[in-house]
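Accompanying notes for the structure given below.
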Amino acid sequence: MTKLPETVVAYKTTEPFTPETVPKALLAMHRTKIGVWGKIDVLAGGLTVSRFNEDGKPISADLVAAGSHAIVAPKNRTRWRLPKKVSSP
């Protein structure tokens with residue numbers, strides 16, 4: 001999915017992360033809460049967003065390029081991976 005549902009309302013945003021400040025929990029398998037959607041905007045470099053099923057088995061891995069975004073649906077299991085070398089915005 002590349003677009004948030006029209007009924008979604010933003011309740012929280014964060015400052016942009018850099019390779020040094022990205023929370024370690026996002027680099028491990030994690031999931032969004034019930035009713036919570038995520039939109040990941042990539043400002044520089046790139047990001048691989050891996051998605052997993054309920055058993056923790058990989059479903060897909062998408063490279064999100066600078067200037068693009070990824071959408072994460074409620075309760076989806078994901079893990080982020082940064083490229084080896086990333087330029088900060």
Output for pair (R77 CZ, T32 OG1), nearest 0.5 Å, gives 11.0 Å
Rounded to the nearest 0.5 angstrom, the OG1-CD distance for T21 and E15 is 9.5 Å
Stepwise, does the side-chain contact (heavy atoms from CB on, under 4.5 Å) test hold for N76 with R51?
CA-CA 7 Å; N76 276 189; R51 299 171 196 273; 4.2 Å; yes
Is any side-chain heavy atom of [Y] closer than 4.5 Å to one of [X]?
{"X": "I40", "Y": "V49", "value": "yes"}
{"X": "I59", "Y": "K57", "value": "no"}
{"X": "W37", "Y": "I71", "value": "yes"}
{"X": "L47", "Y": "R81", "value": "no"}
{"X": "V36", "Y": "P74", "value": "no"}

Heavy-atom nearest pair, L43 first then A66, reads O-CB, 3.9 Å
Nearest heavy-atom approach of A70 to V64 is CB-CG2, 3.8 Å
Which word best sums up how the rings of H30 and W80 line up, parallel for under 30°, tilted for 30 to 60°, or perpendicular for over 60°? perpendicular
- Query: Should V42 and L82 be counted in the same cluster of Ile, Leu, Val, Met, Phe, Trp and Tyr side chains packed under 4.5 Å apart?
  - Reply: yes
**Prompt:** According to a 4.5 Å side-chain heavy-atom criterion applied to Ile, Leu, Val, Met, Phe, Trp and Tyr, with indirect links allowed, do F52 and L27 form part of one hydrophobic cluster?
**Reply:** no
Item to check | Intermediate values then yes/no, salt bridge (Lys or Arg N to Asp or Glu O under 4.0 Å), K75 and E54 | outcome: CA-CA 9 Å; K75 293 182 63 180; E54 286 298 313; 5.7 Å; no
